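To start, the structure under review is shown below, and the notes come after it.
In this text, all values refer to a predicted model and were calculated from it rather than measured experimentally.
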Amino acid sequence: MSATAEASLTSLFIRLKLSLMRNGLKGSSKRKAVWIISLVISLAFSALATLGLSLLHGHAHAGTVVVLMGAILALSWTVMPLLFPGGDETLDPSRLVMLPLRPRPLVRALLASSLVGLGPLFTLCLAVGSVAAVTHGAAGVVAAVLGAPLLLLGCVALARAVATANVRLLTSRKGRDLALLSGLLIAIGAQLANFAGQRLFQAGGLSALEPVEAVVRWLPPATAVGMVDSASRGAYAEAAAQLALTLAALGLLLWFWERSLTGLMVTPDGSTLAAAKPEKDRGTSGAWSFLPGGRTGAAMQRTLRYVVRDPKTKSAWVSALAIGAIVPVFNALQGTGSVYLACFGAGMLGVQMYNQFGQDTSAFWMVAQTISSPRDAYVELRARAGALALVTVPYTVLVTVVTAALVGDWAQFPAALGLGLGLLGAMLCTGALASAHFPYSIPTEGAFKNVAPGQAGLAWLGIFGGMLTSAVVSAPVIALAIWVSLSDTPGTLAWLTLPAGIAWGTLAAWTGLRLASPTVSRKLPEILTAVSKG
């Protein structure tokens with residue numbers, strides 16, 4: 001393939017990426033507005049992050065902070081495309097195996113298209129702020145001009161090489177089930193890193209991180225930032241070695257990516273050749289017999305079966321259950337915990353109420369055929385909320401009991417449990433409203449795509465907006481819990497928060513379901529179109 005043809009292919013993939021982003025916004029003014037809002041928020045946050053890092057210029061430990069920031073960026077780019085919404089069709093190489101494309105030009109084209117989007121822009125802003133924090137002198141400026149783009153290229157190449165190498169495994173049913181284990185390990189590892197960082201700061205502030213930074217600065221792509229710091233300090237030999245190491249690692253990643261693409265494009269996919277054994281359908285026998293009859297029981301069973309059988313739904317639930325227990329328990333074991341941290345588990349599981357119809361994907365049309373009135377919509381939403389509560393309420397009680405036992409604060413246990421249940425009810429409320437007003441599609445294909453192209457802003461706004469609204473809805477219970485904890489007799493008054501939290505959470509959930517039902521009934525065609533997009 002000639003240089004002109006390669007440039008044409010790269011240009012084509014960039015235009016394809018821009019077209020997918022533009023087409024994802026067609027047909028809905030609300031979707032455009034949400035995307036613009038998310039763009040403004042992302043740009044504002046990027047500017048603030050860049051400014052904050054730049055203000056470290058001249059600080060004694062600026063190099064330590066920005067080098068570790070580069071390592072965190074690389075780690076995030078490696079795991080986040082697999083675990084969080086992406087929705088970029090140009091980055092799924094399995095869609096390109098039937099096209100007459102050579103791997104090397106394809107790598108260039110995919111790398112170029114990967115640099116288009118809010119994620120790369122945010123990373124570039126952080127990279128610019130990082131190198132600006134440690135740049136001194138002419139040599140530092142020259143190194144900074146090279147360091148910022150090299151950090152971005154290293155992060156993107158690392159993410160795409162890992163994703164391509166695992167695309168066959170992650171797009172198979174068994175492989176996506178195995179991905180649950182990696183997600184759980186990442187969640188536990190993140191918490192271990194968090195608590196290790198707390199211990200380091202307690203031991204001596206930023207100076208305690210210098211031994212870690214001394215090692216990380218030689219690990220690509222963080223070496224790109226380390227190179228700028230070394231050049232600014234006059235350590236030119238060290239800077240040259242770090243530049244060479246950065247370039248070598250980038251070349252090795254691109255070579256590995258090319259080899260993975262070659263294997264993907266010429267090797268038949270045998271991961272799903274074996275037919276699955278038919279599973280015996282027990283209907284309403286066994287554990288399902290305890291569910292109510294009629295539509296309510298059927299909808300609850302369908303929701304719970306998604307948790308057991310659908311890989312993406314299962315992954316979200318396993319991560320929420322694991323992280324919701326890890327945070328309060330690990331804090332308690334570290335001696336810095338509070339029984340009120342058990343509310344974190346209720347919050348993690350409450351998020352599962354958001355986008356209830358999106359988890360049905362295109363099969364939602366079968367459910368939509370049974371909704372002809374606000375009453376039908378209310379029964380459907382109530383059943384889905386009931387299925388979630390069937391797991392989350394006992395889980396919240398269990399996590400609160402374990403946390404109270406570890407911290408030895410049984411006096412605050414009733415207040416913490418009441419607050420957790422009140423927060424859970426508030427999230428059921430806002431989750432039902434978000435499902436009605438901000439539905440989005442969860443693509444069935446692609447292990448690392450949880451939102452259809454053009455709907456990422458809609459998803460994030462619905463989730464984070466709903467979480468903020470949940471805090472407002474549960475404000476009376478929060479205020480009551482604070483008043484109890486500050487009173488002279490918290491042990492006695494704490495028992496007032498438990499029934500108050502249960503009553504308020506139940507009322508909030510019922511109100512949210514009632515308010516969302518007419519919207520679901522009225523906007524059913526729009527919801528069906530939104531969730532079937534993927």
Just by distance, no angles: are the side chains of S521 and S373 close enough, under 3.5 Å, to form a donor-acceptor pair? no

Check: P292 and M300 side chains under 4.5 Å, non-hydrogen atoms: yes

Measure the spacing between SG of C155 and CG of L75 and express it to the nearest 0.5 Å. 10.0 Å

Go through the steps to decide whether S470 and T430 satisfy the test side chain to side chain donor-acceptor pair (under 3.5 Å), and finish with yes or no. CA-CA 6 Å; S470 298; T430 57; 2.6 Å; yes

Non-hydrogen side-chain atoms of Y354 and P439 separated by less than 4.5 Å: no

Closest approach of L349 and A320, non-hydrogen atoms and distance? CD2-CB, 3.8 Å

For C125 and T50, work out which heavy atoms get closest and say how close. O-OG1, 3.0 Å

Interatomic spacing from NE2 in H437 to CD1 in I527 - rounded to 0.5 Å: 9.0 Å

Could you check whether any side-chain N or O of Y395 sits under 3.5 Å from a backbone N or O of L321, counting only pairs where one atom can act as donor and the other as acceptor? yes

Heavy-atom closest contact (A342 atom, T403 atom, distance): CB-OG1, 4.0 Å

Side chains of Y378 and V520 in contact at under 4.5 Å (non-hydrogen atoms): no

Find the distance between CD (E213) and CG (L68) and round it off to the nearest 0.5 Å. 6.0 Å

Determine the sole option in T400, I502, V401 for which the side chain to side chain contact (heavy atoms under 4.5 Å, CB included) test with L417 is passed. T400

Minimum heavy-atom separation for T370 and R295, please, with both atom names. O-NH1, 2.9 Å

Do R384 and F357 touch side chain to side chain, with heavy atoms closer than 4.5 Å? yes

Check ion pair E380-R302 (N to O, under 4.0 angstrom): yes

Could you check whether any side-chain heavy atom of V399 comes within less than 4.5 Å of a side-chain heavy atom of P328, counting everything from C-beta outward? yes

With a 4.5 Å heavy-atom cut-off, do R382 and V379 have their side chains touching? yes

Are any side-chain N or O atoms of S435 and backbone N or O atoms of Q356, one a donor and one an acceptor, separated by less than 3.5 Å? yes

Between W317 and V391, is any pair of side-chain heavy atoms under 4.5 Å apart? yes

Determine, stepwise, if the pair Y306 / D360 fulfils side-chain contact (heavy atoms from CB on, under 4.5 Å). CA-CA 9 Å; Y306 280 145; D360 295 358; 3.0 Å; yes

Looking only at non-hydrogen atoms, find the nearest pair between Y340 and A415 and report the distance. OH-CB, 3.4 Å

Hey, mind stepping through L121 and L43 against side-chain contact (heavy atoms from CB on, under 4.5 Å) and telling me if it holds? CA-CA 8 Å; L121 176 61; L43 291 177; 3.2 Å; yes

Worked check of side-chain contact (heavy atoms from CB on, under 4.5 Å) between L424 and V393: CA-CA 8 Å; L424 178 60; V393 171; 3.9 Å; yes

When you measure from the side chain of N331 to the backbone N and O of S338, does any donor-acceptor pair fall under 3.5 Å? no

Closest approach of A383 and A299, non-hydrogen atoms and distance? CB-CB, 3.4 Å

Taking S114's backbone N and O only, do any of them form a donor-acceptor pair with K17's side chain (distance below 3.5 Å, no angle check)? no

OG1/T296 to CD/Q301 distance, rounded to the nearest 0.5 angstrom? 13.0 Å

Distance check, rounded to the nearest 0.5 Å: L507 atom CG versus C429 atom SG? 9.0 Å

Spacing of Q412 atom CD and T497 atom OG1 [to the nearest 0.5 Å]: 8.5 Å

Under 3.5 Å, is there a donor-acceptor pair between the W504 and S474 side chains? no

Check: M467 and M427 side chains under 4.5 Å, non-hydrogen atoms: yes

How far apart are the C-alpha atoms of L421 and T396, what are their side-chain angles, what is the distance that settles it, and do they pass the side-chain contact (heavy atoms from CB on, under 4.5 Å) test? CA-CA 7 Å; L421 295 176; T396 302; 4.2 Å; yes

